[in-house]
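Working notes, beginning with the structure itself.
Counting begins at 1 with the first residue of the sequence.
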Amino acid sequence: MELADKAVGLLLTVISLSIFTYYTFWVIILPFVETDHFIHNYFLPQEYAILVPVFAGMALISLLSVFIGFVMLKSKKKNA
């Protein structure tokens, strides 16, 4: 089981670093590259650089709130 945990940890680390690198390049470096350069084909328009993290954060907060609500309801039923 320990090997599976390490593999999952490595996979999550690689995915996180890939997303971080992509987003950093998209937000920090891409605005300085000419708009007709071919590299712009691999990225969404610049407006999405703000919208994607905002919606991802809202989804995360919503899911965490639902999870906490379920845990609170379950613990309340257990005590009663």
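The CE atom of M72 lies 13.5 Å from the NZ atom of K77; values are rounded to the nearest 0.5 Å. Atoms CD1 and OH, from I28 and Y23 in turn, are 9.0 Å apart once rounded to the nearest 0.5 Å. How far CD of Q46 is from OG1 of T35: 11.5 Å, rounded to the nearest 0.5 Å.
For F25, the ring-ring contact (aromatic ring centres under 6.0 Å, His included) partners are F43, not counting sequence neighbours. For F20, the side-chain contact (heavy atoms from CB on, under 4.5 Å) criterion is met by T24, not counting sequence neighbours. Scanning for side-chain contact (heavy atoms from CB on, under 4.5 Å) contacts around P45 gives E47, Y48, with sequence neighbours left out.
Note on L30: it does not cluster hydrophobically with I19, by side-chain heavy-atom contacts below 4.5 Å among ILVMFWY residues. In the hydrophobic clustering of ILVMFWY residues, with side-chain heavy atoms under 4.5 Å counting as a link, V71 and L73 come out apart.
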Enumerate donor-acceptor pairs with a distance under 3.5 Å from any side-chain N or O in residues 49-69 to protein atoms, sequence neighbours excluded.
unit_1, atom_1, unit_2, atom_2, d
S62, OG, M58, O, 2.8
S65, OG, I61, O, 2.8

Sequence neighbours excluded and cut-off under 3.5 Å, please list the side-chain donor-acceptor pairs for residues 8-18, or say none.
unit_1, atom_1, unit_2, atom_2, d
T13, OG1, G9, O, 2.8
S16, OG, L12, O, 2.9
S18, OG, V14, O, 2.8

